[in-house]
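Structure, as structure tokens:
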Amino acid sequence: MNKKYNVGIIGATGMVGQRFALLLEKHPWFNVTVLAASPRSAGKSYEELVGGGGRWLMDSPIPEAYKKMVIIDAANIKEIADKVDFVFCAVDMKKEDIRDLEEAYAKAEIPVISNNSAHRNTPDVPMIIPEINPEHTEIVKAQRARLGTKRGFIAVKSNCSIQSYVPALHPLMKFGVKEVVACTYQAISGAGKNFETWPEMVDNVIPFIGGEEEKSEQEPLKIWGSIKGEQIVNADNVTITTQCIRVPASDGHLAAVFVKFENPPKKSEILDLWNNYGGIKLPSAPEKFLTYFEEDCFPQTKLHRDLYGGMGVSIGRLREDALYDYKFVCLSHNTLRGAAGGAVLMAELFAEKGYFN
């Protein structure tokens with residue numbers, strides 16, 4: 001791609017915002033020109049806000065290019081509009097406030113690639129995993145008609161908890177996936193924390209994550225849905241039930257999955273589909289989307305969450321089940337594939353299709 005787009009990170013001081021900063025530091029298509037956050041952060045340098053007191057939550061240091069950048073109030077949309085072609089949004093606000101803010105950006109003709117959940121249930125807002133449902137970009141035309149915009153639109157990344165098992169299940173939909181049970185074991189970075197800021201999680205497991213199970217059961221249905229008229233209609237041929245558990249891991253969401261089919265495949269057929277499932281050619285896409293491990297004790301959160309730069313999905317332990325047809329485990333990196341990395345990949349898809357022009 002010859003053109004390079006100027007982008008903003010809205011919510012740049014939080015954990016996902018920091019991850020965006022690292023991913024975009026040397027991005028071949030995107031150039032960060034705006035860092036924005038709450039009014040109390042506006043006017044201060046990025047380094048001043050996140051550089052001390054344990055506020056920088058990434059393992060890699062703050063990018064030099066961003067240290068002296070002055071934070072803009074995220075509500076100052078007019079100022080930001082003059083500096084960007086589109087924005088990534090990862091703000092920490094009430095859901096209704098996020099919804100209003102993202103629509104205000106879109107109506108100001110600034111496309112929004114959102115990491116937030118506020119618009120995931122909006123029927124004409126696409127929620128895309130690029131290797132699975134890239135065709136959902138086409139709903140943007142209907143959304144722009146509703147918003148009265150020419151360039152502006154909103155697209156959302158799905159919940160981090162589904163980024164392991166939805167990719168693993170998707171190639172198997174041809175056999176009529178009917179019922180799914182998924183138990184996810186989710187790292188503390190999914191709550192925007194590390195062990196220094198959440199010492200209660202050391203040597204502990206919490207069997208509840210507010211709102212997570214509802215998202216985990218409903219969002220896959222939108223991803224597997226289809227565009228009908230001016231909205232995306234959820235798939236209605238799959239039933240999903242989940243349990244979401246917080247575990248003492250820094251990064252990485254592991255899932256134990258049980259699945260029942262209309263037409264149960266052979267194990268060899270499942271493995272063949274996983275091993276040969278095609279990816280996409282975009283800068284942030286992994287070399288291999290799905291990787292199956294034959295070893296009984298793989299994948300492991302610590303060993304495999306960073307597979308292909310944290311953008312690959314790991315699968316293992318496929319076997320027949322006494323109640324369901326099959327069971328397996330799978331793993332994805334929750335702040336890379338599941339959050340900022342997935343959003344950057346989705347933005348690359350929209351850029352390639354010309355939606356930011």
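Small disclaimer: the values here were computed from a predicted structure and weren't measured. Nothing fancy with the numbering, it's 1 onward along the sequence.
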Between Ile98 and Met93 the two heavy atoms that sit nearest each other are CD1-O, 3.4 Å
Atom pairs and distances, donor-acceptor, side-chain atoms in residues 164-179, under 3.5 Å, two or more places apart:
residue : atom : partner : partner atom : Å
Tyr165  : OH   : Ser216  : O            : 3.0
His170  : ND1  : Trp224  : NE1          : 3.1

Any side chain to side chain donor-acceptor pair (under 3.5 Å) pairs touching residues 281-295, not counting sequence neighbours? Ser284-Glu348
Return a table of donor-acceptor pairs under 3.5 angstrom between the side chains of residues 12-26 and protein atoms on other chains or two or more places apart.
residue : atom : partner : partner atom : Å
Gln18   : OE1  : Leu57   : N            : 2.7
Gln18   : NE2  : Thr13   : O            : 2.9
Gln18   : NE2  : Arg55   : O            : 2.9
Arg19   : NE   : Thr335  : OG1          : 3.2
Arg19   : NH2  : Thr335  : OG1          : 3.2

Ring centroid separation for Tyr185 and His253, is it under 6.0 angstrom? no
Scan side-chain atoms only and decide if Asn334 and Ser189 contain a donor-acceptor pair under the 3.5 Å cut-off. yes
Charged N to carboxylate O below 4.0 Å: is that the case for Glu64 and Lys67? yes
According to side chain to side chain donor-acceptor pair (under 3.5 Å), who are the partners of Glu212, at least two apart in sequence or on a separate chain? Gln186
Is Glu200 salt-bridged to Lys193, going by a charged N under 4.0 Å from an acidic O? no
Do Glu102 and Ser114 meet the criterion of a side-chain donor-acceptor pair at a distance under 3.5 Å? yes
Contacts of Ser45 that satisfy side-chain contact (heavy atoms from CB on, under 4.5 Å) - sequence neighbours left out: Glu47, Glu48
Answer with yes or no whether the side chains of Asp272 and Tyr277 bring together a donor and an acceptor at under 3.5 Å. no
Taking only residues two or more places apart in sequence, or in another chain, which ones meet Glu96 in a side-chain contact (heavy atoms from CB on, under 4.5 Å)? Lys94, Arg99
